[in-house]
There are 2 protein chains.
Amino acid sequence: MATPLPRDPIADARLNWERHGWSDVAAPMAAITAIMRTQQLLLARIEGVLKPFGLTFARYELLALLSFARSGALPMNKASALLQVHPTSVTNAVDRLQQAGLVLRSPHPTDGRTTLIELTPEGRTLAKRATAALNSEVFAQSGFAEQDVDQLIRILGTFRRNAGDFSDEPARAEWPDHH
Amino acid sequence: MATPLPRDPIADARLNWERHGWSDVAAPMAAITAIMRTQQLLLARIEGVLKPFGLTFARYELLALLSFARSGALPMNKASALLQVHPTSVTNAVDRLQQAGLVLRSPHPTDGRTTLIELTPEGRTLAKRATAALNSEVFAQSGFAEQDVDQLIRILGTFRRNAGDFSDEPARAEWPDHH
DNA sequence: GCAATATACTAGGACATCCAAGGGTTTGGA
DNA sequence: TCCAAACCCTTGGATGTCCTAGTATATTGC
């Protein structure tokens with residue numbers, strides 16, 4: 001990480017927007033830019049913690065998702081939907097996790113199109129250890145005040161719902177589409 | 001964008017964290033995951049608007065930065081610092097912008113190590129048009145309530161300062177002043 | 001003044017993401 | 001029944017980000 005800048009570049013961008021007569025959108029521009037930059041900082045922090053485990057964030061997310069599935073296995077398209085990434089990104093992650101012996105592919109019992117991703121014992125162990133590391137080194141020291149965490153969850157939750165990520169109301173339980 | 005999920009996957013992840021006895025870090029985990037996902041959604045929206053201009057967000061950011069520099073030119077290392085990306089990312093962006101005739105490289109008048117990035121007239125025009133599009137199609141319809149925008153700017157600003165992005169005090173001080 | 005150190009940019013490689021396209025499997029309507 | 005449409009996964013290509021290393025230029029210190 002380089003030396004801190006003397007001034008906040010996003011605050012400066014906001015001033016530039018206002019100076020050019022775009023005051024009406026200067027604040028949302030600043031908020032959105034701040035989200036982009038914060039994501040970059042958080043991702044770097046997370047990847048730093050995962051590196052000793054030979055994992056990237058994308059691979060960790062898949063591993064963690066599998067570890068929470070009761071059977072330890074999920075169809076690839078389901079993983080793609082839950083992680084909200086493109087199917088090819090899941091293919092990529094599975095390729096590498098499989099090469100590392102952390103997951104394996106198995107055919108779906110009834111649907112010949114579908115491939116199941118299955119956690120190996122090594123994969124389950126590594127997921128546990130990596131989660132413990134993230135919990136203590138990132139999430140427990142997130143850098144956000146407690147009430148700000150709640151604000152973020154609320155604000156970004158509303159945004160994501162409006163963006164079409166999901167459709168439920170806050171707090172309910174049901175598992176859909178068991179085929 | 002696929003069909004909305006019936007349930008919020010991040011809220012589910014939070015429940016999983018709590019069920020495994022990690023309640024103390026479940027909320028920060030959810031907040032951080034939400035930031036990652038929100039960034040992904042916003043980036044996709046922005047890139048969609050910029051695509052007709054032949055720009056990506058990375059190239060647009062550089063173009064916009066140059067357009068706010070009085071001389072329309074910046075040293076590459078300065079651009080790297082202000083955009084807070086790795087120098088090689090700037091090299092990459094400049095390569096492509098130069099190929100498109102939007103910027104050009106010129107030697108620094110006094111420092112032989114430094115290369116200046118200069119906006120061409122075409123680059124300046126395109127920056128204006130792209131900014132207008134982003135303002136009306138993204139920032140003016142950000143999907144955040146007005147007071148939530150302020151919250152985001154405050155929360156993420158504090159985070160970025162603590163993370164070492166910059167060192168100045170907030171522009172509009174609500175805290176006791178010390179001059 | 002000259003060598004050692006620091007700084008600036010670029011080349012090459014690893015990863016991740018998306019899109020477009022292709023081949024196999026299933027489903028559903030004529 | 002049967003073929004077209006829908007669905008699932010993978011391959012190949014484009015982009016962006018970072019890291020490491022290498023080259024060139026400046027600055028510093030003796």
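All of these numbers come straight from a predicted model, not from anything done at the bench. Naming: A, B, ... by sequence-line order, numbering from 1 per chain.
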**Q** Does any pair with a residue in residues 43-53 of chain B pass side-chain hydrogen bond (donor to acceptor under 3.5 Å, both in side chains), and if so which ones, sequence neighbours excluded?
**A**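 For residues 43-53 of chain B: none.
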**Q** Taking CD from A:Gln39 and P from C:dA16, how many angstroms apart are they, rounded to a whole number?
**A**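 Answer to the nearest Å: 14 Å.
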**Q** With salt bridge (charged side-chain N to carboxylate O under 4.0 Å, His left out) as the rule and sequence neighbours excluded, what pairs involving residues 98-118 of chain B come up?
**A**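 Sorted pair list: B:Asp95-B:Arg105, B:Asp111-B:Arg113.
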**Q** A:Arg129: what forms a side-chain hydrogen bond (donor to acceptor under 3.5 Å, both in side chains) with it, not counting sequence neighbours?
**A**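 A:Arg129 satisfies side-chain hydrogen bond (donor to acceptor under 3.5 Å, both in side chains) with no other residue.
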**Q** How would nucleotides 20-26 of chain C be written as a contact map, 5' to 3', with B for base contact, S for sugar-phosphate-only contact and - for no contact, using protein heavy atoms under 4.0 Å?
**A** B---BBS
**Q** Sequence neighbours left out, what passes side chain to side chain contact (heavy atoms under 4.5 Å, CB included) with A:Gln84? Give chain and number order.
**A**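 Per chain and number, A:Gln84 pairs via side chain to side chain contact (heavy atoms under 4.5 Å, CB included) with A:Asp165, B:Leu5, B:Pro9, B:Arg37.
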**Q** Using a cut-off of strictly less than 4.0 Å between a heavy atom of the residue and any atom of DNA chain D, enumerate the qualifying residues of residues 42-55 of chain B by number.
**A**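 DNA chain D contact set from residues 42-55 of chain B: none.
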**Q** Got a sec, which residues hit salt bridge (charged side-chain N to carboxylate O under 4.0 Å, His left out) with A:Arg19, two or more places apart in sequence or on another chain?
**A**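 Salt bridge (charged side-chain N to carboxylate O under 4.0 Å, His left out) list for A:Arg19, sorted by chain: empty.
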**Q** Please check the phosphate of C:dC18 (OP1 and OP2 only) for any side-chain N or O of B:Gln40 closer than 4.0 Å.
**A**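 For C:dC18, OP1/OP2 do have a side-chain N/O of B:Gln40 under 4.0 Å.
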**Q** What contact category does B:Thr91 fall into here, base, sugar-phosphate, or nothing, at under 4.0 angstrom with non-hydrogen atoms?
**A**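 Base, at least one base heavy atom under 4.0 Å.
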**Q** Once you round it to whole Å, what is the distance between P of C:dA11 and CG of B:Asn92?
**A**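 Distance, rounded to whole Å: 11 Å.
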**Q** Answer whether the closest heavy-atom distance between the side chains of A:Arg59 and A:Leu55 falls below 4.5 Å.
**A**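 The answer is yes; the side chains approach within 4.5 Å.
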**Q** What I want to find out is whether B:Arg160 reaches A:Asp8 closely enough, with some N-O distance under 4.0 Å, to be called a salt bridge.
**A**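 So B:Arg160 pairs with A:Asp8 through a salt bridge.
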**Q** For a 4.5 angstrom cut-off between non-hydrogen side-chain atoms, does A:Leu152 reach B:Ile32?
**A**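 Side chain of A:Leu152 against side chain of B:Ile32, heavy atoms only: no contact under 4.5 Å found.
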**Q** Could you check whether any side-chain heavy atom of B:Gln151 comes within less than 4.5 Å of a side-chain heavy atom of B:Phe144, counting everything from C-beta outward?
**A**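 No, too far: nothing below the 4.5 Å cut-off.
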**Q** Could you give the start and end, 5' to 3', of the contact zone on DNA chain D for chain B, using atoms under 4.0 Å from its heavy atoms?
**A**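 For DNA chain D, the relevant span reads D:dT15 to D:dA26.
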**Q** State which residues pass side-chain hydrogen bond (donor to acceptor under 3.5 Å, both in side chains) with A:Glu122; sequence neighbours excluded, sorted by chain then number.
**A**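 With neighbours one apart ignored, the set is A:Thr120.
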**Q** Rounded off to whole Å, could you give me the CG-to-P distance for the A:Leu63 and C:dA16 pair?
**A**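 In whole Å, C:dA16 P and A:Leu63 CG are 13 Å from each other.
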**Q** Taking only residues two or more places apart in sequence, or in another chain, which ones meet B:Arg96 in a salt bridge (charged side-chain N to carboxylate O under 4.0 Å, His left out)?
**A**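 B:Arg96 satisfies salt bridge (charged side-chain N to carboxylate O under 4.0 Å, His left out) with no other residue.
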**Q** Counting only side-chain N and O atoms of B:Thr114, is one of them less than 4.0 Å from OP1 or OP2 of C:dA8?
**A**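 Negative; the distance criterion is not met.
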**Q** Not counting sequence neighbours, which residues clear side-chain hydrogen bond (donor to acceptor under 3.5 Å, both in side chains) with B:Thr131? List them please.
**A**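 B:Tyr60.
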**Q** Do A:Asp148 and B:Arg154 sit within salt-bridge range, that is, some charged N less than 4.0 Å from a carboxylate O?
**A**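 Here A:Asp148 pairs with B:Arg154 in a salt bridge, since their nearest N and O are under 4.0 Å apart.
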**Q** Rounded to whole Å, how long is the line connecting atom CD of A:Gln84 with atom P of C:dA16?
**A**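 It works out to 19 Å between those atoms.
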**Q** Starting at NE2 of B:His108 and ending at P of C:dT7, how long is that distance when rounded to a whole Å?
**A**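 The answer, rounded to whole Å, is 16 Å.
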**Q** With the threshold set at under 4.0 Å for non-hydrogen atoms, list the residues of residues 67-83 of chain B touching DNA chain D in residue-number order.
**A**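 By residue number: none to list.
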**Q** B:Phe57 has an atom CZ; how far is it from atom P of C:dT17, in whole Å?
**A**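 After rounding, the reported distance stands at 19 Å.
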**Q** Please name the pair of heavy atoms, one in A:Ile117 and one in A:Leu66, separated by the smallest distance, quoted to 0.1 Å.
**A**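 For A:Ile117 and A:Leu66, the tightest heavy-atom pair comes out as O-CD2, 3.6 Å.
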